Amino acid sequence: MENSPAKDLHFIEQIIEEDLKSGKHAAIHTRFPPEPNGHLHIGHAKAICLSFGMAEEYNGLANLRFDDTNPEKESQAYVDAIKKDVSWLGFKWNGGEYYTSDYFEQLYSFALKLIDMGAAYVDHQGPEDIASQKGTPTSPGSDSPYRERLAEENRALFEQMRAGDFPDGHCVLRAKIDMGHANMHMRDPIIYRIKRAHHQRTGNRWCIYPMYDFAHGQSDALEEITHSLCTLEFEVHRPLYDWFIEQLGIFSSRQIEFARLNLSYTIMSKRKLLTLVEQGVVDGWDDPRLPTISGLRRRGYTPESIRSFCNRIGIAKRENIIDVSLLEFSLRDHLNQTAHRTMAVLDPVKLVIVNYPEGNSEQLPSENNPEDESAGVRNLPFSRTLWMERDDFKLEANKKWFRLAPGKTVRLKSAYIVRYVDHVMDADGVLQEVHVEYFENSKSGSDVSGIKAKGTLHWVNAATAIDAEVRLYDRLFNDPAPDGHKDREFMDFLNPHSLEVRTGCKLEASLAEASAGVPYQFTRLGYFSLDAGYATEGRQVFNRAVTLRDGWKQG
RNA sequence: UGCCCUAUGGUGUAAAGGUAGCACACCGGUUUUUGGUACCGAUAGUCCAGGUUCGAAUCCUGGUAGGGCAACCA
């Protein structure tokens with residue numbers, strides 16, 4: 001690192017480097033602290049890449065900690081899903097796996113300490129009274145009538161709270177700070193509430209649970225987290241976070257906030273995502289149209305592409321909406337290097353090579369990936385009758401049309417150059433067959449025909465093709481910021497065409513052996529992968545993750 | 001009628017008082033047996049007004065705009 005060329009560091013890296021250089025910390029320790037009450041999305045991926053990424057970059061440790069202080073909303077199923085997603089992204093919690101609930105006893109002692117210091121009190125008022133006394137952002141609050149209760153009495157009451165002597169909601173424990181503070185969070189925040197709910201880890205051992213502000217910072221301290229990275233909305237919590245550290249005299253973690261990720265044409269709020277799932281707008285949390293990690297995985301995104309995306313978007317404190325095209329670029333960039341090319345026809349029309357002998361067939365070699373020689377070569381069966389893409393033929397074509405049309409000549413990828421002969425339409429004018437003649441000496445790899453074909457078409461041999469269903473996805477919303485409108489609901493912007501199911505697609509035979517989740521490029525069409533979830537016996541289903549970039553300007 | 005945060009091309013993000021750079025998107029071109037990839041090029045930016053300075057995206061003052069803050073949620 002010494003004398004390293006001025007690399008562009010984001011503000012968190014700068015803070016870390018300063019802390020390392022000054023000796024404040026010998027090594028850094030970060031954490032990713034999800035509440036197990038929902039599924040992770042691409043926004044969490046940013047946070048994961050940051051917190052785990054910083055630990056990797058500076059040879060530190062990173063913890064995975066489940067912030068499970070509200071048993072009513074949380075479950076083990078979410079814990080499992082989150083662990084799966086983080087692992088899939090390629091991160092290891094080398095600092096360990098923790099649960100805030102493991103600290104309940106310790107947090108209880110912290111509360112007792114606060115009480116003994118005269119810095120916390122039990123309040124018997126209801127939520128309405130407490131709320132009204134809190135004041136507003138522009139007017140100060142007022143003191144609770146229980147605020148000056150003696151420490152001994154508070155201690156006894158708090159012990160009774162724990163012992164279960166009071167019903168739910170009977171009273172709360174509050175930090176005694178300043179009801180006139182400009183920061184609402186400093187106006188005697190509630191730090192413990194009585195709640196008889198079964199906790200997935202502690203069962204019924206506790207009937208009081210600490211609030212976020214009395215759990216998160218303390219957990220950071222107990223794990224000696226040096227840099228506690230979180231999103232901007234916690235900025236106003238930081239004074240409280242620091243206040244508890246000071247009062248309790250615990251390890252001084254530093255909370256640093258960064259702007260959360262927003263992606264164009266989608267939503268990131270757990271609540272709104274849940275609405276889509278519950279109302280059946282999508283198939284579930286892993287619907288390929290959702291920005292959830294599980295959705296992206298099912299869509300065909302790779303962990304590498306998501307991580308490179310997270311590295312490209314930067315870390316800063318200003319609000320942002322990242323263009324979804326950057327995400328798509330990251331996927332194409334990765335898959336172009338790694339995905340095997342295959343041929344598939346989504347909207348098939350018969351292509352008959354009239355001068356190719358009936359009954360004949362041959363095997364034509366085709367490279368699996370022009371970007372990667374080591375990917376090897378496979379043989380494609382070729383014969384007189386093939387499938388071609390319906391929109392690769394047009395009756396009236398101009399000079400800019402490189403595909404098939406009367407008078408046009410094209411190359412069939414890895415095969416021969418063919419020239420239009422005629423076509424067949426049914427009574428409704430729907431194209432049934434295209435007839436072409438091939439040039440025998442134009443065979444791919446040994447072309448001595450001297451004929452130049454502008455366009456290259458993909459095709460599939462009819463006799464050996466396999467049938468499949470292919471699902472094409474478009475953005476879920478029509479608006480770049482569906483939840484950014486004050487006067488409209490995000491559901492108003494749903495894209496009715498976000499899913500297009502194509503049946504009767506023709507795939508090259510090698511795809512019969514495709515495994516779920518392995519991405520393929522369908523030549524000229526995009527990147528696709530087999531979806532085991534949608535498949536049924538004898539029917540393959542492929543999802544399109546993203547199209548290829550289309551540089552063709554029509555018209 | 002408060003407090004906190006933020007303002008750089010279309011979208012993101014750098015530049016720590018000294019040439020406003022990079023990526024995506026868009027547009028044009030070269031190569032191409034994927035209208036893909038690769039490569040080359042173009043367009044395009046410091047919220048406003050003052051001030052300090054030889055010199056300001058950067059420092060100061062005042063505006064303006066956007067975001068956040070009043071759950072026994074996290």
Side-chain angles (χ1 to χ4, degrees), chain A residues 6-10 14 33-35 37-38 67-70 72-74 100 123 126-127 130-141 168-174 181-187 190-195 208-209 211-213 215-216 230 232-239 257 259 264 270 309 312-330 332-333 336-337 341 343 366-367 370-371 400-403 410-415 417 442 444-445 447 453-458 480 521-526 547-554:
Chain A
K7 186 188 159 227
D8 289 340
L9 301 175
H10 58 64
Q14 290 177 20
E35 181 187 14
N37 70 339
D67 217 349
D68 55 351
T69 58
N70 187 4
E72 285 173 345
K73 294 185 174 179
E74 299 153 5
T100 303
D123 196 326
I130 290 179
S132 69
Q133 282 163 14
K134 201 133 201 183
T136 71
T138 54
S139 63
D168 285 13
H170 180 260
C171 54
V172 294
L173 184 68
R174 291 228 257 170
H181 203 285
N183 184 331
M184 299 290 290
H185 295 277
M186 298 295 273
R187 320 238 266 226
I190 293 169
I191 58 178
Y192 263 96
R193 76 282 212 186
I194 303 172
K195 180 180 285 201
I208 58 171
Y209 293 95
M211 300 287 287
Y212 165 83
D213 284 307
H216 201 103
C230 62
L232 246 28
E233 68 266 30
F234 293 101
E235 210 158 21
V236 285
H237 291 251
R238 178 152 35 93
E257 312 85 13
S264 63
K270 265 186 197 173
F309 169 75
R312 289 175 210 269
I313 58 179
I315 301 293
K317 297 191 76 162
R318 63 190 97 103
E319 296 292 332
N320 59 79
I321 301 181
I322 308 285
D323 199 319
V324 69
S325 65
L326 184 61
L327 215 212
E328 295 174 342
F329 167 82
S330 302
R332 290 192 191 105
D333 192 41
N336 178 50
Q337 303 298 324
R341 274 60 170 170
M343 292 214 274
S366 187
E367 53 191 347
E371 306 294 319
K400 292 192 167 175
W401 181 258
F402 295 169
R403 314 175 189 179
V410 299
R411 171 171 294 279
L412 298 179
K413 172 73 181 168
S414 298
I417 292 177
S442 69
S444 184
D447 183 356
K454 276 247 182 176
T456 301
L457 268 39
H458 61 279
Q521 182 186 113
F522 287 1
T523 299
R524 298 213 298 142
L525 298 176
T547 61
L548 255 26
R549 201 168 143 244
D550 186 3
W552 183 43
K553 312 295 175 297
Q554 294 187 23

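No experiment lies behind these values; they were computed from the predicted model shown. A note on names: the letters A, B, ... follow the listed sequences, proteins ahead of strands, and every chain is numbered from 1.
The side chain of A:Thr69 contributes an N or O atom lying less than 4.0 Å from OP1 or OP2 of B:rA74. Side-chain nitrogen and oxygen atoms of A:Gln14 include at least one within less than 4.0 Å of the OP1 or OP2 phosphate oxygen of B:rA15. Between A:Lys195 and B:rC73 there is a side-chain polar atom (N or O) within less than 4.0 angstrom of OP1 or OP2. Note on A:Arg312: every side-chain N or O is 4.0 Å or more away from OP1 and OP2 of B:rG12. OP1 or OP2 of B:rA74 lies within a sub-4.0 Å distance of a side-chain N or O belonging to A:Arg193. Phosphate proximity of B:rU11 to A:Arg318: absent, as no side-chain N or O sits under 4.0 Å from OP1 or OP2.
Among the protein residues, A:Gly141 comes within range of no part of the nucleic acid, since none of its heavy atoms lies under 4.0 Å from any strand. Across all strands shown, A:Thr456 has heavy atoms under 4.0 Å from sugar-phosphate atoms exclusively, and none from any base. Counting any heavy atom pair closer than 4.0 Å across all strands shown, A:Leu457 reaches no nucleic acid atom. Counting non-hydrogen atoms under 4.0 angstrom, A:Leu548 reaches a base of the nucleic acid. Backbone-only engagement by A:Ser325 is indicated by non-hydrogen atom pairs under 4.0 Å involving sugar-phosphate atoms exclusively. A:Arg549 comes within contact range of the sugar-phosphate backbone alone, with a heavy-atom separation under 4.0 Å but no base atom that close. Here A:Gly126 lies in heavy-atom contact (under 4.0 Å) with a base. Counting any heavy atom pair closer than 4.0 Å across all strands shown, A:His10 reaches sugar-phosphate atoms only and no base atom. As judged by a 4.0 angstrom heavy-atom cut-off over every strand, A:Tyr192 is placed among residues making no nucleic acid contact. Here A:Asp67 lies in heavy-atom contact (under 4.0 Å) with sugar-phosphate atoms only. Counting non-hydrogen atoms under 4.0 angstrom, A:Arg341 reaches a base of the nucleic acid. Looking at heavy-atom distances under 4.0 Å, A:Ile315 makes contact with sugar-phosphate atoms alone, never a base. Within 4.0 Å (heavy atoms only), A:Pro33 reaches no atom of the nucleic acid at all. Using a 4.0 Å heavy-atom criterion, one finds that A:Glu257 contacts no nucleic acid atom at all.
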Quiz item: So what's the dot-bracket for RNA chain B: Watson-Crick or G-U pairs under 3.5 Å, [ ] if a pair crosses, | if it pairs off-strand?
Solution: .((((((..((((....[..))))..((((.......)))).....(((((..]....))))))))))).....
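Annotation: B:rG67 and B:rG29 have their P atoms spaced 42 Å apart (nearest Å). For the P atoms, the distance from B:rU19 to B:rA57 is 10 Å, rounded to whole Å. Distance noted for atom P between B:rA25 and B:rC39: 13 Å (whole Å). As rounded to the nearest Å, B:rA14 and B:rC69 have C1' atoms that lie 31 Å from one another.
Results of the side chain to side chain contact (heavy atoms under 4.5 Å, CB included) test with A:Arg341 over A:Glu367, A:Lys413, A:Glu371 single out A:Glu371 as the only residue that passes.
Rounding to the nearest 0.5 angstrom, the gap separating the NE2 atom in A:His458 from the OG atom in A:Ser366 is 13.0 Å. Taken from CG in A:Asn336 to CZ in A:Arg549, the straight-line distance is 11.5 Å, to the nearest 0.5 Å. The CD1 atom of A:Ile313 sits 8.0 Å away from the CG atom of A:Leu326 when rounded to the nearest 0.5 Å.
For A:Pro33, the side chain to side chain contact (heavy atoms under 4.5 Å, CB included) partners at least two apart in sequence or on another chain are A:Arg31, A:Arg65, A:His216.
Smallest separation of non-hydrogen atoms from A:Arg187 and A:Asn183: CG-O, 3.6 Å.
Two residues are said to be in side-chain contact when any heavy atoms from C-beta on lie closer than 4.5 Å; A:Arg193 and A:Asp168 fail this criterion.
With respect to the salt-bridge test (charged N to carboxylate O, under 4.0 angstrom), the residues A:Lys73 and A:Glu35 do not qualify.
Below 30°, between 30° and 60°, or above 60°: for A:His237 and A:Tyr212 the angle between ring planes is above 60°, a perpendicular geometry.
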